[in-house]
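Keep in mind the model is a prediction, meaning the values are calculated, not measured. Each chain gets a letter, A, B and so on, in the order its sequence line appears, and its residues count up from 1.
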Amino acid sequence: MSVKGMADILPEESWKWEKIRSLFLENARRFGYKLIETPIVEHADLFIRGIGDGTDIVDKQMYLFNDKKGKHLALRPEGTASAVRSFVEHKYNSELLHKWCYFGPMYRYERPQKGRMRQFHQAGIEAFGVDDPALDAEQIILARELLVGSFGIESVKILLNSIGCPACRPGWQVALVDYFRRYDRELCDNCRRRLDINPLRILDCKVQRCSEIAKDAPAGRNYLCGSCSAHHNKLKQYLSDMNIVFEDDPMLVRGLDYYTKTVFEITTDKLGSQSALIAGGRYNDLVKSLGGKDSPATGWAMGIERIFLLSDIKNASEKTVYFIALDEPSKIVLFKLFASAAKRRNCRFDYKGGSLKSQLRRANGAGAQICAIMGENERIADTLLIKDMKNKTQKLIKIDEFGETL
RNA sequence: GUGGGUAUAGCUCAGUUGGCAGAGCAUUGGAUUGUGGCUCCAAGGGUCGCGGGUUCAAAUCCCGCUAUCCACCCCA
């Protein structure tokens, strides 16, 4: 048995993974995002500092272990912290724009269900060095183009918000705590705890009474500083100008602590409670807090398992030539032809043999378009029988002509 | 971490008040000499999740365990 929450990607479906991966990379590349591969294992501290103490990911979902020297390590639960670590470690110039993308497995210890695995895959993009809301807009446009254009997923919803920056968020947080304290007794257990740890998260609570209370909570908008407010308005303007439909949702907050200003989510209603397909936002302070030179940054991540469940992409099948030998001496001759044809064409050799009927049956099952058949009659005359499976036509050709016939 | 469902052939699932283990699909073979798909016939394929208990007799009833799915929570 495989480990709980960790699934095989079987040969029958691996083509779809390859396709999703390559569509992601192609699209990202067109926007200038270059692939970065970082290790799956990092120092646990990187995620604790990056994602934040008090988040679910850090508190209960990390795969933690010590190596033989006692180093405290973790399987990565997400991609951004690693990318930032690499950006800092290799001293990329934060005066310049750097656009990176990644694709790979992530690990979170939680109960698996539809669209949620313990080993799951994310594709993501990150851009360092620019604080322009137009860049936020670009990333949302790319995200939407992937979902709708490349993966054929309809009816997605874009949710957008700004959660401010260190200059303005504290004021909002204080106001939120003040407000929610008045309803202390009515909030769910969880939210009462959040009051001390992360009051923003109460806005996101799905318990009915909590969300009723949250509806009238102080709106973050009223507390945004000039810079954050202008950033948010410009981003909305860019999206509107592109006719991108979005929902400006003051209740949207995210599960990771590093976000500043823009946060967004692209959701579907087709996957039950696992609604987020792509989520991300701006994290202008993360590079500095992980030891780098102050550098604005923004990015998102996409859940591949969820894309896989929803995407309707088709497998383009290559034409197949199926080789059938009817006796042992023919097999020897035909196998040589097969081995050389397989260098250039999609070929299958029927090793199981048996009657012509059963081999043709297998050829049909394998989806072959053409069969190359050799029995005693053909062999003696130095010929091959070429059968077109679709038109049900067949003709004898000389072995010498076989190469051109293909 | 909490709650619920499920576990029988490779797959999807039936299996009645406890009484010989089933179907469809798939696989393999055949339906007159070496011609596929459709149709027909036949065959192979089982630790009934695991371990206990009750009983003359358990896939079926009881207890425990495990796995898995779904939901909550949280997230992508």
Applying a 4.0 Å non-hydrogen cut-off, can you work out what A:Met374 is touching in the nucleic acid: base, sugar-phosphate, or nothing? nothing

Does the structure place the NZ or CZ of A:Lys236 under 6.0 Å from the centre of the six-membered ring of A:Phe246, at an angle of no more than 45° from the ring's axis? no

Using a 6.0 Å distance limit plus a 45 degree cone around the ring axis, check whether A:Arg108 lies over the aromatic ring of A:Phe120. no

Whole-Å distance separating the CD atom of A:Gln113 from the P atom of B:G1: 15 Å

Over all strands shown, is A:Ile278 touching base, sugar-phosphate only, or nothing at heavy-atom distances under 4.0 angstrom? sugar-phosphate

A:Phe103 six-ring face occupied by A:Arg21 cation (under 6.0 Å, within 45°): yes

Go ahead and name the base partner of B:G24; Watson-Crick or wobble counts if both distances stay under 3.5 Å, otherwise write none. B:C11

Kindly say whether, by distance alone, the side chain of A:Arg111 makes a donor-acceptor pair under 3.5 Å with the base of B:C70? no

Atom CG of A:Asp56 and atom P of B:A76 are separated, to the nearest Å, by 11 Å

Any A:Lys357 side-chain N or O less than 4.0 Å from OP1/OP2 of B:G34: no

Touch check for A:Glu376, heavy atoms < 4.0 angstrom, all strands: base, sugar-phosphate only, or nothing? base

Taking atom P in both B:G37 and B:C25, what distance in whole Å separates the two? 15 Å

Without decimals, in angstroms, what is the distance between A:Asp388 CG and B:G36 C1'? 12 Å

Scan every strand shown for a Watson-Crick or G-U wobble partner of B:C61, both distances under 3.5 Å, and answer none if you come up empty. B:G53

Across the strands shown, which category fits A:Gln394 at heavy-atom distances under 4.0 angstrom: base, sugar-phosphate, nothing? base

Write down the distance separating the P atoms in B:G22 and B:G45, rounded off to the nearest Å. 13 Å

Regarding A:Ala279, tell me which of base, sugar-phosphate or nothing describes its non-hydrogen contacts under 4.0 Å with the strands shown. sugar-phosphate

Heavy atoms only, 4.0 Å cut-off, all strands: where does A:Thr55 land among base, sugar-phosphate and nothing? nothing

More than 12 foreign heavy atoms under 6.0 Å from NZ of A:Lys16: is that the case here? yes

What nucleotide among B:C70, B:C73, B:G34 has an atom nearest to a side-chain atom of A:Arg116? B:C73

Length of the CZ-C1' vector between A:Arg361 and B:G36, whole Å: 8 Å

More than 12 heavy atoms from other groups under 6.0 Å of CZ on A:Phe402: yes

Shortest side-chain distance from A:Ser275, nucleotide among B:C75, B:G34, B:U68: B:C75

For A:Arg254 and B:A76, is the shortest distance between a side-chain N/O and OP1 or OP2 below 4.0 Å? yes

Identify whether any heavy atom of A:Glu378 sits under 4.0 Å from a base atom; if not, whether one sits that close to sugar-phosphate; answer base, sugar-phosphate or nothing. base

